[in-house]
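This report concerns only the one structure given below.
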Amino acid sequence: MTAPLRVALLGCGTVGGAVLRLLDEQAADLAARIGRPVQVAGVAVRRPDRHPEVPADLLTTDAVGLVTRDDVDLVVEVIGGIEPARSLILAAVEAGKSVVSANKALLAEDGVALHAAAAKAGVDLYYEASVAGAIPLLRPLRESLAGDQIRRVVGIVNGTTNYILSRMAETGAGFSEALAEATELGYAEADPTADVDGFDAAAKAAILASLSFHTAVTAADVHREGISAVSATDVARAAEIGCTVKLLAICERVPGEEGDTVAVRVHPAMIPTSHPLAAVGGAFNAVFVEAEAAGQLMFYGQGAGGEPTASAVLGDLVAVARNRVAGAAGAGPTAYAELPARPIAETPTRYHVSLDVADVPGVLATVATAFAEHGVSIATVRQDGHGDAATLVIVTHSAPDAALSSTIAALREVPAVRGVTSVLRVEGLS
Ligand code: HSE
């Protein structure tokens, strides 16, 4: 066997530590699969004293020096965040090293520039671990489905929020109570903002949409709503119509008279319990893909955690190492389609609305008029109770999101409507 391929590891937290351990434990198999052994050249960390598990001669605080060293062939970035990760990846690429990254925030913000730099340098930039942890997803979208037309990708791509929503459904708890439990059990971070407010899912949605629609989509193009406003009432109402509430990342190619557009959004929604995504409980992730020729596909597995994420990192490492052994770089994603981003206001959605009303003549007509005046067609209406405690539950047909939100605003001004108690989008209902 020839000289080893030398890997620089940037960051040694939960994922980096698992990558190091698996590189050691699986060294013989990896060498056989790649055709050359893989050796760790160095590990860049901020505080070497916090890593007694790493041989001291591998640790360095000089990350730039490490990635540009002549004896480094490949770089694995598991630091996360925008800087210094971006500068380090660019330095590595410009120095001719292929890069494996798990950095969703960076790829979602600056993927175009990073890919351009990698293409110019003739090296690989792979990032399977950035979306849905262990689940093989980006390579299937980029390679296996490269001959198909993807129409829609709908995913549960954040385990923290899926755990919280699952517990709300199981126990009837409110959001705050379920979040507190998730934090205590280690499912939610001390600062849960990135997960709970949908930033994490929005970055992943941007990456999924870019690959699916051959179009550069950034996190700024993604409409984002988190789950902190989801109430126990919303979850109970969902159950009443045979649905469950999930935080969905939805990437769609929307046909239009002036050409197709790409609509990418992250928000909580009711989905029927018969939908494959409804069965995804706890902290698991799953992504449902609809393509012209392939039909419906479902990818399911662990979306976070050291070992699952390290599995995806190592898969990429083997791929870029094989390319290096072959003396070539793999094909990167394409963005030739350049489809415009469709604003949420113009994106067709459906709403479920629950209203507390007075059960007196004319109320239903008044409510129906508010929908009609905004061009929104009602699919179903149900009344629960009577007298002062009547509730109207309405599910709409599809309409531009702006028309639906204007209808809700108008309903809040209707005197006979005592309260708008639940408003959630609905996906996957026939
Ligand atoms: N915090 C993410 C989640 C995992 O809860 O799924 C990393 O993206």
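First listed ligand is number 1; within each ligand, the first listed atom is number 1.
Ionic pairing of Asp316 and Arg139 is present here: one or more N-O contacts between side-chain nitrogen and carboxylate oxygen are shorter than 4.0 angstrom. A salt bridge is defined here as a Lys NZ or Arg NE, NH1 or NH2 lying under 4.0 Å from an Asp or Glu carboxylate O, and Asp73 with Arg6 fails to meet this definition.
Using cut-offs of 30° and 60° for the angle between ring planes, the Tyr187 and Tyr163 rings count as parallel.
Looking at Asp195 against ligand 1, only its side chain comes within 4.0 Å, counting heavy atoms. Residue contacts with ligand 1, taken as heavy atom pairs separated by less than 4.0 Å, do not involve Asn285 at all.
Annotation for ligand 1: atoms under 4.0 Å from non-hydrogen atoms of Asn158 are 2 (C), 3 (C), 5 (O), 6 (O). Set against the non-hydrogen atoms of Gly159, the atoms of ligand 1 under 4.0 Å away are 3 (C), 5 (O), 6 (O). Atoms of ligand 1 found under 4.0 Å from any heavy atom of Lys104 (numbered from 1 in listed order, with element): 7 (C), 8 (O).
Within the structure, the closest approach of Lys204 to ligand 1 falls below 4.0 Å when heavy atoms are considered.
Thr160 OG1, 2.5 Å is the protein heavy atom nearest to atom 5 (O) of ligand 1. The single protein non-hydrogen atom nearest to atom 4 (C) of ligand 1 is Ala304 CB, 3.7 Å, given as residue, atom name and distance.
Inspection of the Ser101 and Asn103 side chains reveals no N or O donor paired with an N or O acceptor under 3.5 Å.
Listed here is the closest heavy atom pair of Phe299 and Leu297: CE1-CB, 4.0 Å.
With Phe175 as the aromatic partner, Arg167 does not meet the cation-pi criteria of under 6.0 angstrom to the ring centre and within 45 degrees of the ring axis.
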